[in-house]
K.L.:
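I have a structure I would like to understand better, so I am pasting it below and will then ask my questions one at a time.
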Number of protein chains: 2
Amino acid sequence: MEPVIRPRTYAQALERLRRIGLRPTRQRLALAKLLFEQGDRHVTAEQLHEEAEAAKVRVSLATVYNSLHQFTQLGLLREVVVEPGRSYFDTNTSDHHHFFFEDEAKLMDIPGDRVEVTRLPTPPAGTTLRRVDVILRVGGRLK
Amino acid sequence: MEPVIRPRTYAQALERLRRIGLRPTRQRLALAKLLFEQGDRHVTAEQLHEEAEAAKVRVSLATVYNSLHQFTQLGLLREVVVEPGRSYFDTNTSDHHHFFFEDEAKLMDIPGDRVEVTRLPTPPAGTTLRRVDVILRVGGRLK
DNA sequence: ATAGCTGCAAATGCTTTGCAAGGCC
DNA sequence: GGCCTTGCAAAGCATTTGCAGCTAT
């Protein structure tokens, strides 16, 4: 098994795209840059689309969705579902959990080793555990 | 603080509605009956609407949504978000967690004392922990 | 050249809303 | 009767899709 390197830079993302066989097109590269060049992020498609426009990159919202899903399938992103009707994409694909600030609809990472989930029940026969999501729903305003 | 009684029967639901000041209308009572008279359930609005129709109760989907949200606000239901674009409503409002079978889009309760989440980080200043959701995402078919 | 992408706009799926008509107290 | 509810249809969002035109290799 090849070690999974988390792309932190444009160069790594490009390399990653090539290796996997996704054409490094202008829009994919631009999106990868926005996503992976500024540490861990949680973005919605809409947000990323706005960022792209602000950065003078012409990308349609449909392409943003396509790219986010492609990146997710390739393991570059992780989709986090906390609200009905909106998906967040997390650039941190390592094992970890989330705070969700309900009043401001924002996510924050919690290091995987900071929360311990024990005494997990065994999945029913015929099924396999794919992922454990822990969401700490928080209220009140962040200062 | 008045003890919270989980409505398990039509009568209890009716009583509960009255006590809270929601008029026990035909449709609310019918929905309460469907929801609370058969043990713990996880339903979507669409499902409940179909059940109501099958039971020859005329209810519009809009009213199903309204009722589900009202019941949720009153603490009779708990909303569970596991998939983008669809909400599940859980008649079990006690402290517990969930298996989510991704291939069949179904939820299953895990008793609260069966999973232990320890070493929870403290919420950031100015915020309060409202709820802890643990979702065990499972793949493969149930037998 | 050509297989794969992109953009646009239309379609979809879930959910919410506006408002007239209806029903509980 | 009065006020809360309902129902319907229309509106609202986030997301997906179909397809003609573009582009990286």
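So that the names make sense, note that chain A is the first sequence line, chain B the second, and so on, each numbered from 1. Because the structure is predicted, anything quoted here is derived from the model rather than measured.
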K.L.:
Any N or O donor-acceptor pair under 3.5 Å from the base of dC4(D) to the side chain of R23(B)?
P.N.:
yes
K.L.:
Does P84(B) reach a base, just sugar-phosphate, or nothing at all? Heavy atoms under 4.0 Å.
P.N.:
nothing
K.L.:
Are the side chain of T93(B) and the backbone of R78(B) linked by a donor-acceptor contact shorter than 3.5 Å?
P.N.:
no
K.L.:
Does dT15(C) have OP1 or OP2 sitting under 4.0 Å from an N or O in the side chain of Y65(B)?
P.N.:
yes
K.L.:
For dT15(C), take OP1 and OP2 only and decide whether either is under 4.0 Å from a side-chain N or O of H69(B).
P.N.:
no
K.L.:
Does T63(A) place a side-chain N or O at less than 4.0 Å from the phosphate oxygens OP1/OP2 of dT6(C)?
P.N.:
no
K.L.:
Will you find, in the side chains of H98(B) and D133(B), an N or O donor that is under 3.5 Å from an N or O acceptor?
P.N.:
no
K.L.:
Kindly say if Q27(A) contacts the phosphate of dG7(C), meaning a side-chain N or O under 4.0 Å from OP1 or OP2.
P.N.:
yes
K.L.:
Strictly below 4.0 Å: does S87(B) bring a side-chain N or O up to OP1 or OP2 of dC14(C)?
P.N.:
no
K.L.:
Taking the six-membered ring for Trp, are H69(A) and F89(A) ring centroids under 6.0 Å apart?
P.N.:
yes
K.L.:
Counting the atoms with a prime plus P, OP1 and OP2 as sugar-phosphate, which does L61(B) contact under 4.0 Å by heavy atoms, base, sugar-phosphate, or nothing?
P.N.:
base
K.L.:
Within the structure, does a side-chain N or O atom of R26(B) lie under 4.0 Å from either OP1 or OP2 of dT6(D)?
P.N.:
no
K.L.:
Which residue, L22(A) or N66(B), contacts DNA chain C at a nucleotide closer to its 5' end, judged by nearest heavy atom?
P.N.:
L22(A)
